A.B. asks: 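Sharing a structure below in C-alpha cells format, with a few things to ask.
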Amino acid sequence: MAHAEITLAHGGGGRLTQQLIERVFGPAFRNPALDARHDGAVLNVPAGVRLAFTTDTHVVKPLFFPGGDIGALAVTGTVNDLAMCGARPRWLSAGFVLEEGLPMETLERVVRSMADAARAANVEIVTGDTKVVERGKGDGVYINTAGIGWIEQPGTIGPAAVRPGDAVVLSGDIGRHGMAILAQREGLAFESPIVSDCAPLWPAVEALLAGGIEVHCLRDLTRGGLATALIEIAESARCGIAIDEAKVAVTEPVRGACELLGLDSFYVANEGRCVAFMPAVQADAAQSLLARTAPGGPVVSIGRVSGGPAGQVTLRSVLGVERVLDRLSGEQLPRIC
Amino acid sequence: MAHAEITLAHGGGGRLTQQLIERVFGPAFRNPALDARHDGAVLNVPAGVRLAFTTDTHVVKPLFFPGGDIGALAVTGTVNDLAMCGARPRWLSAGFVLEEGLPMETLERVVRSMADAARAANVEIVTGDTKVVERGKGDGVYINTAGIGWIEQPGTIGPAAVRPGDAVVLSGDIGRHGMAILAQREGLAFESPIVSDCAPLWPAVEALLAGGIEVHCLRDLTRGGLATALIEIAESARCGIAIDEAKVAVTEPVRGACELLGLDSFYVANEGRCVAFMPAVQADAAQSLLARTAPGGPVVSIGRVSGGPAGQVTLRSVLGVERVLDRLSGEQLPRIC
Amino acid sequence: MCLAVPGRILAISGADFFRTARVDFGGIVKEVNLACVPEARLDDYVLVHVGVALSVIDEREAAEVFSYLKQMEELAELAPPPPVDSSPPATPPS
Amino acid sequence: MCLAVPGRILAISGADFFRTARVDFGGIVKEVNLACVPEARLDDYVLVHVGVALSVIDEREAAEVFSYLKQMEELAELAPPPPVDSSPPATPPS
Amino acid sequence: MKFVDEYRDAPAAHQLADAIARRVTRPWTLMEICGGQTHSILKFGIDELLPRAVTLVHGPGCPVCVTPVELIDAAIALAGRPGVVLCSFGDMLRVPGSGSDLLTARARGAEVRTVYSPLDAVALAQREPAREVVFFAVGFETTAPANAMAVLQAHRLKLRNFSLLISHVLVPPAIAAILSAPDNCVQGFLAAGHVCTVMGLEEYHPLAAQFHVPIVATGFEPVDILRGVLDCIEQLESGRAEVTNAYGRVVREAGNPHAQAVMREVFIPCDRNWRGLGVIPHSGLTLREEFASFDALRRFDLAAVATATAGECIAGTILRGRAKPPACAAFGTRCTPEHPLGAPMVSSEGACAAYYRYRARSSP
Amino acid sequence: MKFVDEYRDAPAAHQLADAIARRVTRPWTLMEICGGQTHSILKFGIDELLPRAVTLVHGPGCPVCVTPVELIDAAIALAGRPGVVLCSFGDMLRVPGSGSDLLTARARGAEVRTVYSPLDAVALAQREPAREVVFFAVGFETTAPANAMAVLQAHRLKLRNFSLLISHVLVPPAIAAILSAPDNCVQGFLAAGHVCTVMGLEEYHPLAAQFHVPIVATGFEPVDILRGVLDCIEQLESGRAEVTNAYGRVVREAGNPHAQAVMREVFIPCDRNWRGLGVIPHSGLTLREEFASFDALRRFDLAAVATATAGECIAGTILRGRAKPPACAAFGTRCTPEHPLGAPMVSSEGACAAYYRYRARSSP
Ligand code: SF4
Ligand code: SF4
Ligand SMILES: [Mg+2]
Ligand SMILES: [Mg+2]
Ligand SMILES: [Mg+2]
Ligand SMILES: [Mg+2]
Ligand SMILES: [Mg+2]
Ligand SMILES: [Mg+2]
Ligand SMILES: [Mg+2]
Ligand SMILES: [Mg+2]
Ligand SMILES: [Mg+2]
Ligand SMILES: [Mg+2]
C-alpha cells in the first residue's frame with residue numbers, strides 16, 4: 001500500500017522523505033539545480049544585474065478556493081513581491097510544513113499547482129525543504145517561498161523614490177482574493193461568484209519598464225489591502241498621499257459581501273493587484289500600458305502624492321469629503337451588530 | 001497595556017503587525033535593506049560570483065534547548081547549507097509562523113538569538129514575513145530561513161564532483177543536537193549534560209578553500225544524521241562509500257542516551273558537523289585545517305569513496321565486519337522492547 | 001448598531017421559525033430566515049440583519065426622497081436664492 | 001526483545017513499589033524503579049529495562065569471560081596450533 | 001447594489017446639505033442614536049457637509065460599547081470552560097473586560113467562534129451535541145427578534161446544549177435617561193432606523209411630547225441621514241417636536257408585528273447596566289421564565305458582578321452626547337484600538353474608534 | 001560505558017570466534033531467541049565472524065513481531081476513542097494491523113503517545129484524571145515485572161483511568177513449540193539473557209532434557225553472544241545438552257525472585273495467539289481476576305477477534321527458524337519497512353527488518 005496520508009516519518013529525513021522528494025516534488029519542479037540534490041542551488045547571475053530577495057509564508061484556509069489554491073498563491077505572492085522591486089522573478093525556494101494526516105493527494109494537487117504557477121511566472125523552484133508536524137500543530141500545509149529576481153534597470157524602485165506630485169495608478173478592481181477566501185470561512189460562509197484575483201504582476205511591470213515609464217514605486221495589495229499598502233508607502237516615503245474613493249473599482253459581489261459583513265474593501269487582500277507611482281506626466285501612458293498587461297479590472301489613476309503630512313493618506317469620499325485612511329489594528333472582524 | 005501574547009491581529013497586516021516589525025524585528029535585525037521596508041531586499045552581487053540559494057523551515061520542540069534555540073538553529077542551519085555549497089553566507093530571509101498565544105517574551109528571545117547567530121555567522125537578515133495562525137494550528141513558532149551565499153571559487157562543490165578514492169573527513173563527534181532535543185521530549189525526558197552542537201561551519205569551509213584543499217563535496221549532518229548524509233551523497237554521486245565505525249567519535253553521554261533508548265547515533269541529527277570529501281592525498285592537510293577551524297570534537301578521516309555499487313555505503317563494524325548502512329524509514333523510534 | 005442590508009429573494013423554503021430564503025446581495029447569496037416577514041415573496045427585497053429578514057422594502061417609499069429632491073429643484077428654479085445664513089457654505093473641503 | 005542497559009545508582013528515594021533511583025548511564029540520568037532489586041545500593045550498577053531495574057550487576061562475574069580468554073591465550077602459547085577444520089578462517093571479509 | 005447605491009449619490013447628498021444650510025438659522029445639537037449611523041457619518045464625512053450651526057453628537061446605540069464589563073468577563077470565563085464554545089458576533093471579540101478580551105482569551109486556549117447569525121450558533125449546537133454552545137446575545141431591539149428566534153428554534157429542536165449570554169438593551173429608556181440628565185444638550189434625535197423597523201414609532205411619541213424634542217426615524221446611508229437631519233432641523237426651526245419617519249422604505253408606523261411577537265414570546269423587560277451609563281430601569285431584555293434553561297448565567301451558575309470602569313475613560317459622557325471623543329485626554333494616546341480603555345474605542349461602531357479611524361490625529 | 005564497551009572489544013570477539021572455529025567439527029544450527037540478539041548479530045556482523053559450519057537462525061523473541069493483528073487493531077480502535085490516550089513503546093507504532101497502524105491512526109487524529117516505561121503511563125494517568133490512559137503492554141518475561149509494577153502502582157494510587165492492553169508472551173512454551181515441530185532444525189539455543197535475568201534457568205532444564213538440546217543463557221553484546229555460541233558448540237560437540245549460563249553478570253540460577261513475585265501477583269498464564277505462530281497453550285500472561293478492572297479489553301468491552309495473516313508473509317516459518325528473511329519472496333520488494341507485510345519487517349528488532357537494514361540487497 002502507498003501512503004495515503006502524510007505521516008511524521010515523511011519528515012524524518014529517511015526513506016519516506018526521499019520518496020516524497022522523488023515522487024511528489026521532483027517530477028513537478030524538475031530543473032538542473034534541484035536535480036543536483038545538494039544542500040542548496042548554485043546559480044549564475046549575469047554581470048551588472050542586481051538582485052531582489054523576498055519571502056512570504058502562506059497559511060491560507062481553505063487550501064483550495066475559487067481562482068486558486070495555496071500552491072498558486074505561494075508562487076504568485078513571491079514573484080509579485082519581486083516584481084514590486086522591479087525585478088524579473090527568476091528562482092524560488094519552497095519550504096513546506098505539512099501536518100501529519102494531510103492526504104497525499106492534497107499535497108500532490110498543491111505541488112502541481114505550484115509547478116503550473118511557476119511555469120506561468122517563468123520562475124524555477126530550485127531548492128526546497130519539507131517538515132512534518134504533529135497533528136494539531138499545523139493546518140494541512142503551510143508553504144514558505146523565498147524568491148530571487150533580477151533587477152536589470154539601473155533605477156531604484158521603492159518608497160524612497162516616491163516624489164510629491166507622483167501619480168498613483170491602481171492596476172484593477174480590489175477585494176477579490178480576501179472575499180473569495182472569506183466566502184468559505186466557517187461561520188461566515190456564503191455562496192459567491194467571487195474568484196480570487198491571484199495572478200503574476202511581472203508582465204505588467206515589465207511593460208511599464210520597457211515602455212519607458214519612470215516607475216518610482218510599486219506595491220502589491222496583499223494582506224491589509226489597498227489602504228495598508230498606501231499607508232506603508234506614505235510612511236516609508238515620508239510623504240502624503242491623496243486618493244479618490246470614487247475612482248477605486250470594486251465589483252458588485254465584493255461590495256455585496258462587504259456590506260453584508262460590515263467590512264471595508266479598502267482593507268481586503270488582493271493577490272494580483274498593485275499600485276504604481278510615477279511622474280504625473282507619465283500617468284496616462286502608464287495606464288494604457290497597464291490596461292494591456294495587468295491582470296484584472298479597470299486601470300485607473302486614483303490619486304497623487306501630496307505635500308501633506310508624512311505618512312498620511314487622505315481619501316476623498318464619494319461625497320467629496322476628505323478623511324484620513326488609517327491602518328487597522330489587525331484583521332477586519334465582521335461588523336454585524 | 002502592551003500585548004503579552006501574540007494574537008491573530010499581529011498577523012493581520014495592520015497596526016499590530018507594524019508594531020511587531022518596529023518593536024521586535026526591526027531593532028534586532030536592523031540593516032539598510034530591511035530598513036527600506038519594501039516588498040523585498042535589493043542586493044548587489046560582485047561580478048564573477050556565483051550564488052548558492054537554500055531554504056529550511058525549523059520546527060524544533062522545545063523552542064529552547066541546551067546549546068541553542070530555534071532562532072539560533074534557523075540561522076545556523078541555513079548558513080551551514082550555504083557553506084556546504086562552498087558559499088560564503090551573505091543574506092537571509094526570515095519567515096515566521098507564530099501561534100496565537102505565543103508569549104511576546106518568547107518571540108523576543110528567539111529573535112534576539114537569531115540576531116546574535118546572524119552576527120556570529122556574518123550574515124544579514126534582509127527580508128522577512130510574519131504570519132499568525134490560530135491556536136492549535138502551530139506550535140509556538142516555526143521559522144523558515146532562506147539564504148543566499150557567494151561562491152567565490154571556480155570549482156563546483158557537490159555530489160557530482162565526488163571521485164572514487166576521495167577521503168571522507170568527519171568534522172567532529174556526532175549525535176549531540178538530536179540527543180539534546182530528545183532529552184527534553186515528553187515521555188522520554190532524561191537529565192543530561194548533552195549540549196547541541198549548533199554552530200556555523202563556514203569558517204571551517206573557508207579554511208579548507210583558503211588552504212588549497214580541492215574540496216569535492218561537503219554535507220552537514222542534520223536530519224537523518226551521518227548515515228543519511230553519506231547515503232544521499234553516494235546516491236547522488238553514483239558511487240560507493242566505505243567508512244569505519246570505530247573512527248566515528250560519539251561522546252559518552254550521547255552513547256548512553258542511544259543505548260538507553262535503543263537508537264543509533266549514526267542517524268541522530270547534528271547542527272554543527274559535516275563531512276568533507278577531497279582527494280585522499282589532501283586528507284591529512286584537510287584534517288589539520290579542520291581541527292583548527294571546525295566547531296566540536298576530533299576531526300577524523302572516517303573512510304573512502306569506493307568503487308562499490310553506486311549508492312551503497314558500507315560500514316566496517318567495530319568487529320571489523322562490513323555491512324551496509326541503510327536509510328531509515330522515518331525518524332528513529334525509541335526501541336525499548 | 002444593527003447593520004442591515006437589502007437583498008433580493010431568490011427562493012423560499014421551510015415554514016414557521018424555519019422559513020428560509022436564499023437572498024442575493026449584489027451577487028453573493030446567503031440563507032436568510034424569513035419567519036418575521038411572512039408577506040415576503042420571490043423577488044422582493046428584504047432588509048436583513050444577522051441572518052433574519054426584518055422588513056420588505058417598499059419600492060414606492062424608497063423613491064420618496066428623490067421625488068422630494070426633484071420637487072425642491074423645481075422650486076429652486078422658480079424661486080429666488082435663499083437668504084445667506086451665518087453658517088459656512090456646505091461644500092466639502094477640497 | 002528486552003533492551004536493558006547497565007547504569008550506576010546515584011541516589012535512592014521512596015519505598016516499596018515506588019522505590020526509585022537516579023541512575024547514570026554514561027552521563028545521562030534517568031529515574032529508575034528499584035522495587036525489584038531491594039539489595040541495590042548507592043554506586044551499584046543495575047540492569048535497567050523500561051525504567052525498572054532487574055538485576056544488580058555482579059562485577060566478579062563480569063570479568064569471567066576475560067579471565068577465560070586470558071587463560072585460553074596462555075594455553076595457546078603453550079599448546080601446538082589446533083587442527084584445521086573444514087570451515088573457513090574466522091577473519092572478517094575485508 | 002439596489003437600495004444602497006442610490007442613497008450614496010453625491011449630488012443628492014449635496015442638495016440635501018444645501019437645503020439644511022438654507023433652513024438653519026441658529027445652532028442646533030442633534031444626536032444620532034445608532035453606532036451604525038455614527039460610522040456612516042464619519043466614514044462619508046457627512047458632518048462636514050453640514051453647516052457649522054448643526055452639531056451631531058453620538059449616542060449610546062452601539063450594543064458592543066454598552067455591554068457591561070462583568071458580562072464580558074462572564075463570556076471570557078465561559079469560553080475558557082472545557083467543552084464550552086462561545087459564539088459571538090465579530091465586533092465583541094476585542095472589547096476589553098476587566099482583565100482581558102475574548103481574542104486574548106482565545107489566544108490562551110478558550111474556544112471562541114465568530115458567527116454571522118445567532119441561528120448559526122443554533123445550527124452548531126445541533127451539529128455538535130457533545131459541546132455546550134453559548135451565544136453572546138448582545139443587541140438592541142433590532143437584534144432581539146433574531147436572538148429570540150434562536151431560542152425558539154433551539155426549543156423546537158429540543159437542544160439542551162444551547163444557551164444565551166444576554167446583554168439586550170432598549171432604545172427608548174436610554175433616550176429618556178439622556179434627556180432627563182440635568183446637563184442634557186441634545187435638541188433632536190435621529191432615531192435608529194433599524195430599531196424602528198422592528199418596533200415602529202409608537203413608543204417615541206410620549207418621549208417627543210414629554211421632552212419636547214423632534215425624533216426622526218432615520219436610515220444609514222448618507223442621503224438617509226441627511227434627510228433625517230433636514231426633517232429634524234425643519235421641526236426645530238418651526239418649533240415642532242414630532243415623531244416622523246425619514247426611512248419609509250423599511251420603517252412602518254407599527255413596526256414589524258411578527259418580529260415583536262417573537263421577541264415578546266421569549267423576552268421580558270428588565271433593568272440593565274449600560275457600560276458607561278450605569279443601570280437604567282427597564283432598559284433591557286431578559287429571558288422569560290419558560291426559557292430560563294437557555295440562560296447561560298443560570299445554566300453555568302455564573303454571577304455577573306458589576307465592576308468599576310477604568311477611571312480615565314469618559315465613555316459615559318460621550319455616550320450621553322456631552323463630549324466628542326477627541327475631548328477625552330486618553331484619546332489616541334493611552335487609548336487606541338490596540339489598547340482600548342473603553343468600549344467606544346474598540347467596537348468599529350464606537351464613537352471613539354470612528355474618530356480614531358476616520359479623522360486625522362496628531363501622530364501618536 | 002562500563003559493562004558495555006568491554007563486551008564490544010574486537011580482539012576478545014575475534015579470540016572467541018577463533019575458539020569456536022577451532023572447536024567446530026561439523027555443521028550446527030543454533031537459534032538465538034531474542035530479537036535484541038538478532039539485532040546485535042546483524043549490526044555487528046557477528047554471524048560473519050563465525051565459521052561457515054555454524055548457522056544462526058532467528059527466533060520468535062521480538063514481542064512486537066508476535067503481537068497478533070487483532071490486538072493491534074484493538075489498540076488502534078482504542079486510540080481513536082475520544083478521551084482515550086494509548087501509550088506505547090516506540091517500536092509498536094509502525095506494526096501493521098489488519099488495515100492500519102498506530103502511526104497512521106495518530107496521523108488521522110487518534111491519540112497515541114510514546115513512553116519509555118509503563119510507569120510513565122501510570123504517571124500520565126495520575127496527572128490527567130479526566131482521560132483514559134491505556135498502556136499497550138507487550139513483552140516477554142523481561143517486561144512483565146515492569147507492567148505488573150504499573151498495575152500495582154495504579155492500584156495503590158487508586159487510579160480508575162488506567163488500564164493495560166495486554167499481549168504478554170512467555171519463552172519456554174515457544175521453545176517447546178519450535179522443538180516439537182516435525183521439521184525442527186534447531187540444535188541449540190541461545191536463551192534470552194534478560195528473560196533469564198527475571199526467570200532464572202530452572203524452567204529450561206526440563207526442555208533441555210526432553211529435547212536433548214543445549215540451552216545457554218546469553219547476553220546481548222558481541223562478546224556475550226560469541227561466548228554463548230562457544231558454550232553451545234562445546235556442548236554440542238561433546239554431546240551434552242545442559243542449561244548453562246554465559247551471562248553471569250546479570251543472570252542468577254533462580255532469576256530475580258522479587259521480580260517474579262511482582263509478576264505473579266498481577267498476572268497468571270493463559271493461552272496466547274502469536275502472530276505468525278498461532279495459538280500456543282499457556283504461552284502468555286493475563287491479569288488475575290483481582291486486577292480485571294485494569295484490563296483494557298474488558299474495560300472497553302472490546303473483542304480481539306483473530307484475523308488471518310497476509311498470505312504472502314512467511315513470518316511463521318522465519319520465527320521458527322526454518323528460513324531466513326531473504327528467503328521470503330516479498331522481502332525487500334513488496335515488503336519493506338515503509339510498507340511491511342509482516343511484523344518482522346517493522347519492528348527494528350524483527351529479523352526481516354534487521355536483514356533489510358544491515359545486509360546489502362539487490363536495489364529495489
Ligand atoms: S477615547 Fe478611550 S478612554 Fe476616552 S472615552 Fe473613548 S474609549 Fe474611553
Ligand atoms: S519479509 Fe515481510 S513478508 Fe516476508 S516474512 Fe518478513 S515480514 Fe513477512
Ligand atoms: Mg515578502
Ligand atoms: Mg507578499
Ligand atoms: Mg508585497
Ligand atoms: Mg531541509
Ligand atoms: Mg490540525
Ligand atoms: Mg536547506
Ligand atoms: Mg539544512
Ligand atoms: Mg544540509
Ligand atoms: Mg509578507
Ligand atoms: Mg498549539
Side-chain angles (χ1 to χ4, degrees), chain A residues 7-10 12-16 18 36-45 47 50-57 59 81-82 84-85 91 93-95 97 126-129 131 133 136-139 142 144 146 148 151 156 158-160 219-220 223-224 228 232 236 327-331, chain B residues 7-10 12-16 18 36-45 47 50-57 59 81-82 84-85 91 93-95 97 126-129 131 133 136-139 142 144 146 148 151 156 158-160 219-220 223-224 228 232 236 327-331:
Chain A
T7 65
L8 286 179
H10 284 102
R15 207 174 295 116
L16 285 182
Q18 179 199 21
R37 290 282 214 84
H38 193 36
D39 268 320
V42 176
L43 308 167
N44 290 306
V45 185
R50 285 172 305 158
L51 298 183
F53 183 31
T54 190
T55 190
D56 265 312
T57 308
V59 299
D81 276 349
L82 294 173
M84 296 302 102
C85 298
W91 301 300
S93 66
V97 175
V126 292
T127 188
D129 178 57
K131 294 297 185 311
V133 295
K137 306 285 185 197
D139 201 9
Y142 298 149
N144 175 283
I148 299 178
I151 302 176
T156 293
R219 183 68 56 105
D220 58 346
R223 191 169 54 166
T228 306
E232 283 177 1
S236 306
R327 264 185 213 269
L328 293 188
S329 190
E331 259 189 311
Chain B
T7 66
L8 286 179
H10 284 102
R15 206 174 295 115
L16 286 181
Q18 179 199 20
R37 290 284 214 86
H38 193 34
D39 268 320
V42 176
L43 308 167
N44 290 305
V45 186
R50 284 173 305 158
L51 297 184
F53 183 31
T54 192
T55 190
D56 265 312
T57 307
V59 299
D81 276 349
L82 294 173
M84 296 301 102
C85 299
W91 302 301
S93 66
V97 175
V126 292
T127 187
D129 177 58
K131 294 296 184 312
V133 294
K137 305 284 184 196
D139 202 9
Y142 298 149
N144 175 282
I148 298 177
I151 301 176
T156 293
R219 183 68 55 107
D220 57 345
R223 189 170 54 167
T228 305
E232 282 177 0
S236 306
R327 264 184 213 270
L328 292 187
S329 190
E331 258 188 310

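Note that the coordinates shown come from a computational prediction; the quantities given were computed from them, not determined experimentally. All values below come from the heavy atoms of this structure, side chains included, with hydrogens, waters and symmetry mates left out. Proteins get letters first, then strands, A, B, ... in listed order; numbering begins at 1 in each.
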A.B. asks: Measure the spacing between CG of B:Leu51 and CG of A:Leu43 and express it to the nearest 0.5 Å.
C.D. replies: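 Reported value, rounded in 0.5 Å steps: 6.0 Å.
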A.B. asks: What part of A:Phe53 lies closer than 4.5 angstrom to a heavy atom of chain B: side chain, backbone, both or neither?
C.D. replies: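 Both parts, heavy atoms under 4.5 Å.
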A.B. asks: Can you tell me which of A:Thr228, A:Val59, A:Val126, A:Thr156 forms the most heavy-atom pairs within a distance under 4.5 Å of chain B?
C.D. replies: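 Most heavy-atom pairs under 4.5 Å with chain B: A:Val59.
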A.B. asks: At a heavy-atom distance under 4.5 Å, which candidate from A:Ser93, A:Ala146, A:Ala36 has the highest pair count against chain B?
C.D. replies: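 Looking at each of A:Ser93, A:Ala146, A:Ala36 in turn, A:Ser93 comes out on top.
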A.B. asks: With a 4.5 angstrom heavy-atom cut-off, is it the side chain or the backbone of A:Ala160 that approaches chain B, or both, or neither?
C.D. replies: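 For A:Ala160, there is no contact with chain B at all, as no heavy atom is under 4.5 Å.
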A.B. asks: Is the closest side-chain heavy-atom distance between A:Asp39 and B:Arg219 below 4.5 Å?
C.D. replies: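 Counting from C-beta outward, A:Asp39 and B:Arg219 do come under 4.5 Å.
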A.B. asks: Got a second to check how far A:Thr127's OG1 is from B:Asp56's CG, nearest 0.5 Å?
C.D. replies: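 Between A:Thr127 OG1 and B:Asp56 CG, I get 8.0 Å after rounding to 0.5 Å.
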A.B. asks: Flag the one option from B:Arg37, B:Met84, B:Lys131 with the top tally of heavy-atom pairs under 4.5 Å to chain A.
C.D. replies: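 Most heavy-atom pairs within the cutoff with chain A belong to B:Lys131.
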A.B. asks: If you count heavy-atom pairs under 4.5 Å with chain B, which of A:Gly95, A:Ala52, A:Cys85, A:Ala47 comes out on top?
C.D. replies: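 Counting heavy-atom pairs under 4.5 Å, the top option is A:Cys85.
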A.B. asks: Of the backbone (N, CA, C, O) and the side chain (C-beta and beyond), which part of B:Val42 lies under 4.5 Å from a heavy atom of chain A, both, or neither?
C.D. replies: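 When you check distances to chain A, atoms from both the backbone and side chain of B:Val42 fall under 4.5 Å.
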A.B. asks: When only pairs under 4.5 Å are counted, which of B:Ala41, B:Gly224, B:Pro159 shares the most heavy-atom pairs with chain A?
C.D. replies: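 If we count pairs closer than 4.5 Å to chain A, B:Ala41 comes out on top.
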A.B. asks: How many angstroms lie between CD1 in A:Ile148 and CD1 in B:Ile148, if you round to the nearest 0.5 Å?
C.D. replies: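 Answer for the CD1-CD1 pair, A:Ile148 versus B:Ile148, is 3.5 Å.
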A.B. asks: Would you indicate whether the side-chain heavy atoms of A:Lys137 and B:Tyr142 approach each other to under 4.5 Å?
C.D. replies: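 In contact.
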A.B. asks: Which heavy atom of B:Asp129 sits nearest a heavy atom of A:Thr55, and at what distance?
C.D. replies: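 Closest heavy-atom pair between B:Asp129 and A:Thr55: CB-O, 3.6 Å.
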A.B. asks: I'd like to check A:Ser236 versus B:His38 (side-chain heavy atoms, cut-off strictly below 4.5 Å). Are they in contact?
C.D. replies: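 No - every pair of side-chain heavy atoms lies 4.5 Å or more apart.
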A.B. asks: Do B:Gln18 and A:Arg327 come within less than 4.5 Å of each other through their side chains, counting heavy atoms only?
C.D. replies: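 Sidechains of A:Arg327 and B:Gln18: in contact.
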A.B. asks: Is it the backbone or the side chain of A:Ile151 that comes under 4.5 Å from a heavy atom of chain B, or both, or neither?
C.D. replies: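 For A:Ile151, the side chain is the part near chain B, not the backbone.
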